[in-house]
Every structure is written in C-alpha cells, then in structure tokens.
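Only one structure is covered here, and it is reproduced in the block below.
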Amino acid sequence: NAGVTQTPKFQVLKTGQSMTLQCAQDMNHNSMYWYRQDPGMGLRLIYYSASEGTTDKGEVPNGYNVSRLNKREFSLRLESAAPSQTSVYFCASSDTGQGLYGYTFGSGTRLTVV
Amino acid sequence: AQSVAQPEDQVNVAEGNPLTVKCTYSVSGNPYLFWYVQYPNRGLQFLLKYITGDNLVKGSYGFEAEFNKSQTSFHLKKPSALVSDSALYFCAVTSGGSYIPTFGRGTSLIVHP
C-alpha cells in the first residue's frame with residue numbers, strides 16, 4: 001500500500017550508542033517531517049524538509065541530525081543516544097509545505113534508551 | 001507564532017450519545033485546520049480539514065468539525081459515538097506563511113458501551 005514506511009518499528013539502545021531511523025514515502029510528496037511523541041506532550045517537530053535538498057530545525061532538534069537523501073527518503077540520526085530521547089518517533093509527509101491535502105504518517109518507531 | 005490548544009486531556013461519552021472534542025487555535029493570517037486520530041500503537045490518520053469555504057466540514061467515519069472564526073475554534077463532533085471511536089485525537093494548524101504544522105497535545109476519547 002502507498003504511504004510512509006518507517007524502520008525499525010522497535011529499538012533499544014544503550015546510552016551513547018548511535019542509530020539511524022529510516023523513512024521512505026512513495027506518494028511523490030515534496031515535504032517530509034520527523035516528530036517525537038511523548039505522553040502529555042503531543043507531537044513535537046524535530047526536523048523537517050520542505051523540499052528535496054533542504055532541511056530545517058523544528059522545535060526540539062538538539063541531539064538529532066537528518067538527511068534528505070532524495071525525494072523519497074528522510075532519515076533521522078541520533079549520534080549519541082540519551083535516556084531523554086526515549087520516545088515514539090513518527091515520520092510524516094505532505095504534498096506541499098502546508099499540507100493542504102493532509103499529512104500522511106508512518107506507523108512509528110518506538111525507541112528506548114537505557 | 002501559531003498554537004493549538006486542546007483543553008481536555010480526556011473525554012468520556014456513552015455509546016450512542018453525541019461527542020465533541022474541543023480545539024482552539026492561534027495563527028497569523030488564515031488558518032488551515034486539521035483533525036487526526038491515533039489508535040493504539042499506530043500512526044496518526046487524517047480525519048478532516050478546513051482550508052476555506054463552508055464552516056462545517058465533514059470527514060471520515062462520520063466525524064465533522066465546525067470552524068468558528070470569531071471564537072478561533074475547530075471542534076470535532078459526531079452525532080452518535082461508537083466504542084470503536086475510542087482513540088487519541090489531535091488537532092493541528094498551519095497558516096499561509098508556515099510550512100510547519102503545529103499539533104495540540106491530544107485528547108483521549110473513551111466511549112463506554
């Protein structure tokens with residue numbers, strides 16, 4: 001089915017380890033986003049990419065880096081994981097920056113840092 | 001700056017009764033408003049949107065929302081709740097000058113049999 005695919009679905013890291021969360025969309029969307037979801041905090045934007053070749057910081061970018069590899073793929077990297085990064089991470093995409101036709105979300109990556 | 005408020009962490013309703021999940025917003029310029037639903041261990045799913053036009057917007061699964069510009073609100077409604085409607089609901093807003101959607105903190109809807 002068309003949509004946004006995230007890998008992995010679950011991950012446990014030790015403090016200080018690094019990892020990359022992968023995201024790919026097959027809807028030819030221009031814009032892609034990474035959010036984290038924490039209880040009582042809703043969704044907070046980490047980074048976004050308005051179009052291929054551009055990336056910008058969101059509300060909570062510290063400790064993360066991103067790469068817009070091509071139009072389809074947008075990865076999120078944790079260079080040195082910390083327990084505060086334990087969260088559920090969602091990738092999303094939209095046809096335009098304003099998402100006039102809505103945003104499509106992946107099913108999430110549940111990350112635990114111990 | 002844009003913001004969204006969902007004043008209720010949880011809404012409880014009996015099956016068959018009407019439901020309302022509240023959302024208020026603040027933006028510069030014209031708002032683009034959205035509702036999303038999240039079922040356990042799933043990503044968010046698009047329900048409906050207001051971009052322009054009629055203030056009453058109809059969406060998926062029998063949900064609708066009313067845009068009220070004077071009250072800066074966009075409440076989600078359904079005439080008759082189902083147990084299967086139990087989920088987490090998010091309101092979101094963007095505006096003409098922003099690429100970044102801002103989400104509310106979410107409201108947990110619990111529909112009792």
Side-chain angles (χ1 to χ4, degrees), chain A residues 1-7 9-10 21 23-25 27 29-51 54-61 68 74 88-110, chain B residues 1-10 21 23-25 27-53 57-60 63 65 74 87-108:
Chain A
N1 293 336
V4 177
T5 302
Q6 289 183 238
T7 56
K9 293 188 183 301
F10 302 94
L21 281 64
C23 175
Q25 53 92 7
M27 296 168 288
H29 283 172
N30 287 314
S31 302
M32 299 184 73
Y33 311 81
W34 276 105
Y35 287 89
R36 60 178 289 173
Q37 184 180 25
D38 302 291
M41 301 293 290
L43 289 168
R44 292 183 292 170
L45 183 68
I46 305 171
Y47 271 93
Y48 68 101
S49 172
S51 61
T54 69
T55 60
D56 285 286
K57 296 178 180 179
E59 181 184 355
V60 288
R68 183 75 183 266
F74 188 39
V88 182
Y89 291 85
F90 288 101
C91 178
S93 69
S94 66
D95 59 327
T96 68
Q98 293 157 351
L100 297 183
Y101 297 98
Y103 300 86
T104 303
F105 284 82
S107 58
T109 296
R110 189 173 297 273
Chain B
Q2 59 192 31
S3 64
V4 172
Q6 293 182 241
E8 302 154 318
D9 290 335
Q10 185 172 302
V21 182
C23 171
T24 59
Y25 67 90
V27 293
S28 300
N30 294 321
Y32 303 139
L33 294 154
F34 306 84
W35 275 102
Y36 289 82
V37 59
Q38 184 182 30
Y39 298 101
N41 300 314
R42 303 287 296 276
L44 278 69
Q45 298 177 30
F46 172 78
L47 271 182
L48 52 78
K49 67 182 180 187
Y50 172 83
I51 304 298
T52 186
V57 178
K58 294 186 183 296
S60 306
F63 284 93
F74 189 57
L88 191 57
Y89 290 81
F90 289 94
C91 182
V93 66
T94 65
S95 65
S98 172
Y99 281 104
I100 307 170
T102 299
F103 286 82
R105 295 190 172 190
T107 298
S108 177

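Reminder, nothing fancy here: chain letters follow the sequence lines and each chain counts from 1.
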Would you please classify the geometry between the Tyr36(B) ring and the Tyr103(A) ring as parallel, tilted or perpendicular, with 30° and 60° separating the classes?
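The arrangement is tilted - the two ring planes meet at 30° to 60°.
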Atom pair [atom1]/[atom2] of [X] and [Y] - distance to nearest 0.5 Å:
| X | Y | atom1 | atom2 | answer |
| --- | --- | --- | --- | --- |
| Ser94(A) | Phe34(B) | OG | CZ | 8.5 Å |
| Asp38(A) | Arg105(B) | CG | CZ | 11.0 Å |
| Arg42(B) | Phe105(A) | CZ | CZ | 14.0 Å |

Mind checking whether Tyr35(A) and Phe103(B) have ring centres under 6.0 Å apart?
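When the ring centroids of Tyr35(A) and Phe103(B) are compared, they turn out to be within the sub-6.0 Å range.
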With a 4.5 angstrom heavy-atom cut-off, is it the side chain or the backbone of Leu45(A) that approaches chain B, or both, or neither?
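Just the side chain, heavy atoms under 4.5 Å.
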In terms of heavy-atom proximity below 4.5 Å to chain B, should Arg110(A) be classed as side chain, backbone, both, or neither?
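Contact with chain B involves the side chain of Arg110(A) alone.
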Minimal non-hydrogen separation, Phe90(B) against Gln37(A), with atom names
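Closest heavy-atom pair between Phe90(B) and Gln37(A): CZ-NE2, 3.3 Å.
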Chain A heavy atoms under 4.5 Å from Gln6(B): which part of the residue, side chain, backbone, both or neither?
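Answer is neither: Gln6(B) stays 4.5 Å or more from chain A.
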Need one label for Leu47(B): side chain, backbone, both or neither, based on atoms under 4.5 Å from any heavy atom in chain A.
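For Leu47(B), neither part sits under 4.5 Å from chain A.
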Using a 4.5 angstrom heavy-atom cutoff, name the option from Gly42(A), Ala92(A), Gly106(A), Pro39(A) with the most pairs to chain B.
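Highest number of pairs under 4.5 Å: Gly42(A).
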Are Thr104(A) and Gln45(B) side-chain neighbours, meaning at least one heavy-atom pair lies under 4.5 Å?
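SC-SC contact between Thr104(A) and Gln45(B) ruled out.
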Run the side-chain contact (heavy atoms from CB on, under 4.5 Å) test on Leu43(A) and Thr102(B) for me, step by step, so that the C-alpha distance in whole Å, both residues' side-chain angles and the decisive distance to 0.1 Å come before the verdict.
CA-CA 8 Å; Leu43(A) 289 168; Thr102(B) 299; over 6 Å; no
